[in-house]
Visitor: 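I am attaching a structure below and will ask some questions about it afterwards.
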Amino acid sequence: MDDACAVCAERLEWVAYGACGHREVCSACVTRLRFVLRDQRCCLCMTHCPAVFATKETGDRTKAIGDLSALPAAAGEGKTGDYWYHEATQVWFDDADHYRMVRAMCRISCTVCESSGNKGKKGSKSSKAKHKIKFETIEQLKAHLSNKHCLYMCDLCLDGRKVFICEQKLYTRPQLNQHIKTGDSEVDGSEVERRGFAGHPMCKFCKSPFYGETELDTHLTREHYSCHICQRQHGGQDDYFRNYDDLEVCHIKLA
Ligand SMILES: [Zn+2]
Ligand SMILES: [Zn+2]
Ligand SMILES: [Zn+2]
Ligand SMILES: [Zn+2]
Ligand SMILES: [Zn+2]
Ligand SMILES: [Zn+2]
């Protein structure tokens, strides 16, 4: 077993696993899938895992729980017995700090309202805005952002970037379009700040963007056709055809 996360490819420090016992995905990726996408399946074998256990991948702290049913019955948010339970994702933790880190990652709040509430100097009215608006779901936050502030999150980044929800960047409509196309919106900043991000890669057949090359590759393999006979030397979209008819045309030309 190599020790990189099977989803984000970063070094595995914390893992989270369910009844199937697959321990190849980091706890941040597992909780993000469960929280943002509401997907409770194991990324490797697609087993539905109602509860998962998060622990250090290696070292003394690792308490491999073979039988997840040995965990206490879900009592609600926080500490139960030896473990900490995160209700929103149904993940159990054996480490308090790691539990708090993930809980913070899943907090849904409007950063615009919070920062304007903190200033408090712009007239007495703003003190009223100090109470934090709580959101149950990301959809509610998205609706609030667009209705109140005319701001948007990039859905691709929301699913793909391993950052706290409050750290997701907020865009105006034109900025979001620019972000997806070239990555150089005002919000995204200079090339160094973007760490080489140059927009989300586009499927040339569907004209829809994907988070990264890996996601685009998966889409091309699933939705489009590649030719096994005349496979070209270089990889990428040139190896694919929109549909089976286009693929056949390619063969006729060769014959
Ligand atoms: Zn990961
Ligand atoms: Zn599995
Ligand atoms: Zn707001
Ligand atoms: Zn994005
Ligand atoms: Zn496509
Ligand atoms: Zn061909």
Side-chain angles (χ1 to χ4, degrees), residues 1-58 62 64-69 71 86 89-93 95 98-99 101-106 155-165 167-168 180-181 195 199-227 235-247 250:
M1 194 174 99
D2 71 8
D3 46 9
C5 168
V7 175
C8 68
E10 274 173 42
R11 199 175 66 82
L12 263 187
E13 190 187 357
W14 296 91
V15 293
Y17 61 95
C20 61
H22 281 120
R23 301 181 57 172
E24 284 92 354
V25 181
C26 76
S27 56
C29 283
V30 171
T31 36
R32 195 180 66 244
L33 283 168
R34 295 171 76 88
F35 189 72
V36 179
L37 303 183
R38 310 253 156 222
D39 188 347
Q40 296 194 329
R41 291 171 304 170
C42 166
C43 304
L44 296 168
C45 68
M46 297 296 151
T47 300
H48 179 246
C49 299
V52 298
F53 185 66
T55 187
K56 265 234 158 93
E57 198 244 343
T58 52
T62 304
I65 289 199
D67 182 9
L68 286 166
S69 63
L71 289 166
H86 186 241
T89 54
Q90 294 171 263
V91 179
W92 289 91
F93 297 85
D95 181 279
H98 191 53
Y99 157 71
M101 196 277 279
V102 168
R103 195 181 55 183
M105 195 169 87
C106 296
D155 283 333
L156 297 166
C157 286
L158 191 60
D159 293 352
R161 278 180 83 212
K162 209 172 66 169
V163 297
F164 300 123
I165 285 161
E167 287 171 353
Q168 292 287 351
I180 292 171
K181 248 197 257 166
R195 290 196 202 130
H200 292 294
M202 189 85 74
C203 170
K204 67 173 181 183
F205 305 118
C206 309
K207 304 266 179 277
S208 54
F210 291 84
Y211 178 66
E213 294 298 337
T214 317
E215 288 76 10
L216 175 60
D217 265 0
T218 310
H219 163 81
L220 285 167
T221 322
R222 281 191 193 148
E223 306 293 332
H224 302 292
Y225 294 85
S226 71
C227 174
Q237 293 196 42
D238 290 345
D239 283 341
Y240 289 90
F241 298 89
R242 184 194 312 272
N243 52 39
Y244 195 75
D245 286 348
D246 284 6
L247 180 83
C250 157

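Please read all numbers here as calculations on a predicted model, not as lab measurements. Atoms within each ligand, like the ligands themselves, are counted from 1 in listed order. Position 1 is the first residue of the sequence, and the numbers go up from there. Hydrogens, waters and symmetry mates play no part in the numbers below; they use all other heavy atoms, side chains included.
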Visitor: Calculate the angle formed at the Zn ion (ligand 2) by SG in Cys20 and SG in Cys42; 10° precision is enough.
Guide: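 About 100° at the Zn ion (ligand 2).
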
Visitor: Determine which of the N, O or S atoms in His22 is closest to the Zn ion (ligand 2) and give its atom name.
Guide: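 Minimum-distance N/O/S atom of His22 relative to the Zn ion (ligand 2) is ND1.
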
Visitor: Where does the angle between the aromatic ring planes of His98 and Trp14 fall among parallel (under 30°), tilted (30 to 60°) and perpendicular (over 60°)?
Guide: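 Rings of His98 and Trp14: parallel, under 30°.
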
Visitor: Do Phe53 and Phe93 come within less than 4.5 Å of each other through their side chains, counting heavy atoms only?
Guide: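 Not touching, per the 4.5 Å side-chain cut-off.
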
Visitor: Could you check whether the rings of Tyr211 and His200 sit parallel, tilted or perpendicular, using 30° and 60° as the cut-offs?
Guide: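 Tyr211 and His200: tilted rings.
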
Visitor: N/O/S of Cys43 less than 2.8 Å from the Zn ion (ligand 2)?
Guide: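 No - counting backbone and side chain alike, Cys43 has no N, O or S atom under 2.8 Å.
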
Visitor: Do His224 and Cys203 have side chains that approach each other closer than 4.5 Å (heavy atoms only, starting at C-beta)?
Guide: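 Yes, at least one pair of side-chain atoms sits under 4.5 Å.
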
Visitor: How wide is the angle at the Zn ion (ligand 1) between SG in Cys8 and SG in Cys29, to the nearest 10°?
Guide: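 Rounded to 10°, it measures 110°.
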
Visitor: Give, rounded to 10 degrees, the angle between NE2 (His224) and NE2 (His219) as seen from the Zn ion (ligand 5).
Guide: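 With the Zn ion (ligand 5) as the vertex, NE2 (His224) and NE2 (His219) sit 100° apart.
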
Visitor: What angle sits at the Zn ion (ligand 5) between SG of Cys203 and SG of Cys206, to 10°?
Guide: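 Answer comes to 120°, rounded to 10°.
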
Visitor: Is the cationic atom of Arg242 (NZ for Lys, CZ for Arg) positioned less than 6.0 Å from the six-membered ring centroid of Tyr240 and within 45 degrees of its normal?
Guide: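 Negative - Arg242 is either too far from the ring of Tyr240 or too far off its axis.
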
